[in-house]
K.L.:
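Quick one: the structure is below, and I'll ask about it shortly.
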4 protein chains.
Amino acid sequence: MSLPAEFHDIAKRVSNWGRWGDDDEIGTLNLITDAVVREAAATVRSGLRIPLALPLQQDGVQSGLIPGRINPLHTMIQINQELFGPGTVATSDDTAVLSLQTATHWDALTHASHSGKIYNGRPAATITAHGGAQFSGIDKAPHIVSRGVLLDVARAHGVDRLPGGHAVTPEDLDAAEELAGVRVRSGDIVLVRTGQVQVYLSGDKHAYGYPSPGLSIRTPEWFRARDAAAVANDTLTFEIFPPEIEDLWLGVHALDLVEMGMLQGQNWNLEALSTACAQEKRYAFLLSAMPEPFVGATGTPVAPVAVL
Amino acid sequence: MSLPAEFHDIAKRVSNWGRWGDDDEIGTLNLITDAVVREAAATVRSGLRIPLALPLQQDGVQSGLIPGRINPLHTMIQINQELFGPGTVATSDDTAVLSLQTATHWDALTHASHSGKIYNGRPAATITAHGGAQFSGIDKAPHIVSRGVLLDVARAHGVDRLPGGHAVTPEDLDAAEELAGVRVRSGDIVLVRTGQVQVYLSGDKHAYGYPSPGLSIRTPEWFRARDAAAVANDTLTFEIFPPEIEDLWLGVHALDLVEMGMLQGQNWNLEALSTACAQEKRYAFLLSAMPEPFVGATGTPVAPVAVL
Amino acid sequence: MSLPAEFHDIAKRVSNWGRWGDDDEIGTLNLITDAVVREAAATVRSGLRIPLALPLQQDGVQSGLIPGRINPLHTMIQINQELFGPGTVATSDDTAVLSLQTATHWDALTHASHSGKIYNGRPAATITAHGGAQFSGIDKAPHIVSRGVLLDVARAHGVDRLPGGHAVTPEDLDAAEELAGVRVRSGDIVLVRTGQVQVYLSGDKHAYGYPSPGLSIRTPEWFRARDAAAVANDTLTFEIFPPEIEDLWLGVHALDLVEMGMLQGQNWNLEALSTACAQEKRYAFLLSAMPEPFVGATGTPVAPVAVL
Amino acid sequence: MSLPAEFHDIAKRVSNWGRWGDDDEIGTLNLITDAVVREAAATVRSGLRIPLALPLQQDGVQSGLIPGRINPLHTMIQINQELFGPGTVATSDDTAVLSLQTATHWDALTHASHSGKIYNGRPAATITAHGGAQFSGIDKAPHIVSRGVLLDVARAHGVDRLPGGHAVTPEDLDAAEELAGVRVRSGDIVLVRTGQVQVYLSGDKHAYGYPSPGLSIRTPEWFRARDAAAVANDTLTFEIFPPEIEDLWLGVHALDLVEMGMLQGQNWNLEALSTACAQEKRYAFLLSAMPEPFVGATGTPVAPVAVL
């Protein structure tokens, strides 16, 4: 089996390989300039902070659909332990084990590969068990603060959430931009709301993961035209799942991560943000979404916050 | 053994128990109002982003000094795995295990207890292995964005780093405020630089941890007077270690976390920030330092970023 | 709520507290003398070895019924890594994370407590997050080799497996002894087969755990009379679940572990052993079931083997 | 770099590829027949059980010498938790994370590869992060009970322990056989004592690992001639370390595991066994050393027991 011609056609159009030099490891994050950040800070009006992360807990979004990916397990190694003797100040200490792509997370560019290559044309074999990703690990991307723009596709469609079979198209993004009254520009981090996370929040993990609305194979060109720095949404799979084109599984991952070098975020809870943006009639804000700098990792938990 | 009278005297003066109601679980984070955040965003001039987290890696700061606290271990469960068949798009997936207080982190208010109590007078026994901290777990504090102020005590002393035996006093903080040309005010997050993290960065983990400069038992009153929202520094132990008062181990932890209800941060890398603040002659900035929402946890890794 | 009078009556009759001294930490394992082991070795006739452990894997018996208890996760930290340079001998290395009571396991005596006490009258509070069980951890029991006796209750009933609601009674054990043609004696390890593990093996984890056949609250007295050294079976819960007496949850655990000081084993796969014993018409054999010596642990994975 | 001619010469002489068919995954474990096991059981005289595993604990043998290999971490998820309500029977539950080659362990045949091959000529690439070893994982070897023979090389040399630079040669093994008064035969598990584990037991982990006595590159031919089923010793590295032949790192691993298909054990504590064998003047015994059946794993903790 090989990837269909349609995939390769889009890949040629969106590729950023070499755009920031052969040594580049961070792709479209290069678009977040100091000027972009200054303008992002200038969007703050009310000072309202809206966290976008789901809780990290055993009862998390992972249901077994993705083999080996586990929900966070929290355990204790000290509980009110008086380490310096009876009657002294006591401490409590925790340990956690988790998949780095478990709940609200960023995929590093190295989370996907195709045809033996990762972003910027490097060999996929540079990812090993011993050290993880030699290039484009998440630790190479430690600065993710920019202007965030919410594209509330569900609201633009007049629904609470899009149905499982809905592929979010460029036309959907245009309509959401119109609702937002703001145009995505170079360096923006785009948050695409489908409402799907409500299914998890209501207790049904299996239906949350599958079938899922998500980004169409046609959207990478839209994001490439706008020069977005990163895209996140409120689903487990990011892209429409099962896919639009038979046998083209994870095609959006391959285009965004491998070809464009654009980070993807998944399982972001955009519900409270949707309400706040609608109330304030503003869909652009300061967004901080700093990766935890796990060395060589192909993903990371993130606790994003929108500041309105 | 019991805590000395001197400790109890200070405790009375700094206690915030009941200040935000008997139900409060977040303490001085209540001081970060929307107005504070608006003003924090307004401090941004250059748009320069400075990440403050140490890498999460096996070769981390933990040296065995703190029993059971481990450095992060990163392992792989998929490497370029073609889950949907040969020739399809491949993915890589990681797992990590780590102590939640391992590298750059926040202590939750529940990280310390004394005399059987945690912050706001609740029983320490509300922390259990089954679910962790029932009250004041780190997941209750999901909004940490505010104005940051760097108090560069090492620079104010004209040294690269303070010696191991140096207790950072209120007078040191005053001098650093003067150098900064800014006064700490209600809701600020204060970053106290000793330069000690250089010892770890140069490869000597043991000397990094012990002996260490750190905050004096006299500083909680200073932070209480200013109504700081949180304090972080660039040491393993946060407070001067070994302590100033014989047998009063972790006294600052008990005063900050239990009595004041003020979050502490440790192992923050303030070196690049120190250089940037000195160059820009500005020591106040927007600081985002979002906890990962581990449910019931008494600490969390954090990837803080200062935006100048 | 307190434990019913019926429980306390049985507890008095089966208690072994003090029987092997106040310092004892291993309970009925004291009954496995060198003479018992010699006789156990002498039972070997065919040399056939039958392993009794379930595979350790993500797709294990844990279904979420027991909060926080996870299936084993296996990850890689090296895969064919040429640590000493290209072309040298390569190695592969693994990491695992697992609940110690996850699959085929022994409960340590400290796995259960009641009324604030563990085995031999010690305070339950001697189990802490910092070091685990100070007394009667599984590392104190490193010698578990003895004569094994299979009591095949399902076969004695003429069925493949007992139904979910079946409490295995002393009369059932008598009948299985008769089928076996062997009487349980001091120091024996008794394996009680219900056939329930077939439910897991056929793919239904939920039905495996609940409802489950298991040992009746009346069996501890039977094992006490025989002076068995340990008992294991082929269920998740060991005892009949839900319990026979309303609100007496885990009563068998409390009697076996806390009162008698007798180790329990769970999730043992006794299917192949059942077939072999029936074929050879012998139900006694050499059994090796060595705990992994996790220091302070209240349970351990075990890979038991019967040698016929 | 490639492996020296000397290595390839020995490889030809010891190879067992194809000996038990092209489908074979367990190598020399095929030599443990029922007859061997019957005779092993017949060696039992005193009934004395001697456990051979080191404790599984944070303060274990790993010192950082082997990258990413961690000591066991034991944490709690329940401590005396009354899951069914106040006053009910309480339970304690543990979690562990560990490298599978951390303390007393078996290497699976797949722990080593060379020239792109594992045992029986299969491609090394059949080991992946997703599922581990497809062939010859440790779960394929669930029956390790046989006759054990202690070859007490240190005692044969009249010393407590061999010095760091001592390569255990075929002549050393011959001398130890003579001391033992027993000849190794087909299907035996051979335990080679150097005394090196005393260095760890006395508290010096670094000196334990390096430099270490261990098996000479000349020993695989000796074990092949005797048709041993497996070999274990009391060192971290198994083979002499650093190696006898410049740049031939892990040559013994490659010969034993890849070419012969013979399991290796490391970090076995043979001190008490040495004393007992000398006292009883018997060096052959029943040995049970069952792997924990981690699916796809290239190693496993083991809690071996010798029954004399």
Side-chain angles (χ1 to χ4, degrees), chain B residues 55-86 88-102 123-134 137 203-206 294-299, chain D residues 55-86 88-102 123-134 137 203-206 294-299:
Chain B
L56 289 164
Q57 59 187 356
Q58 259 292 284
D59 192 20
V61 302
Q62 300 302 324
S63 65
L65 183 70
I66 302 167
R69 199 180 284 184
I70 59 165
N71 286 309
L73 180 71
H74 173 254
T75 64
M76 300 301 294
I77 52 163
Q78 285 181 18
I79 299 176
N80 298 311
Q81 187 71 29
E82 296 170 338
L83 281 176
F84 297 97
T88 59
V89 175
T91 49
S92 295
D93 249 62
D94 331 59
T95 304
V97 56
L98 70 162
S99 296
L100 295 184
Q101 296 84 358
T102 192
T126 52
I127 307 171
T128 65
H130 182 65
Q134 187 181 348
D204 190 343
K205 307 184 184 194
H206 285 88
F294 285 100
V295 174
T298 70
Chain D
L56 289 164
Q57 59 187 357
Q58 260 290 285
D59 192 19
V61 301
Q62 300 302 324
S63 65
L65 183 69
I66 303 165
R69 200 180 284 182
I70 59 165
N71 286 309
L73 179 71
H74 173 254
T75 63
M76 301 301 294
I77 53 162
Q78 284 182 18
I79 299 175
N80 298 310
Q81 188 71 29
E82 296 170 338
L83 280 176
F84 298 96
T88 59
V89 175
T91 49
S92 295
D93 249 64
D94 331 58
T95 304
V97 57
L98 69 164
S99 296
L100 293 184
Q101 296 85 357
T102 191
T126 53
I127 307 171
T128 65
H130 182 65
Q134 187 182 348
D204 190 342
K205 306 185 183 192
H206 285 89
F294 285 99
V295 174
T298 70

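Protein chains get the first letters and strands the later ones, always in sequence-line order, with residue 1 at the start of each.
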K.L.:
Here's a test for you: under side-chain contact (heavy atoms from CB on, under 4.5 Å), which of Ile79(B), Ile77(B), Leu83(B) qualifies with His130(D)?
P.N.:
Leu83(B)
K.L.:
With a 4.5 angstrom heavy-atom cut-off, could you sort out which part of Leu73(D) is near chain B: side chain, backbone, both or neither?
P.N.:
side chain
K.L.:
Looking at Gly132(D), Gly131(D), Ala129(D), Ser92(D), which one has more heavy-atom pairs under 4.5 Å with chain B than the rest?
P.N.:
Ala129(D)
K.L.:
Is Gln58(D) close to chain B through its backbone or its side chain, or both, or neither, when contacts mean heavy atoms under 4.5 Å?
P.N.:
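Answer is side chain: those atoms of Gln58(D) sit under 4.5 Å from chain B.
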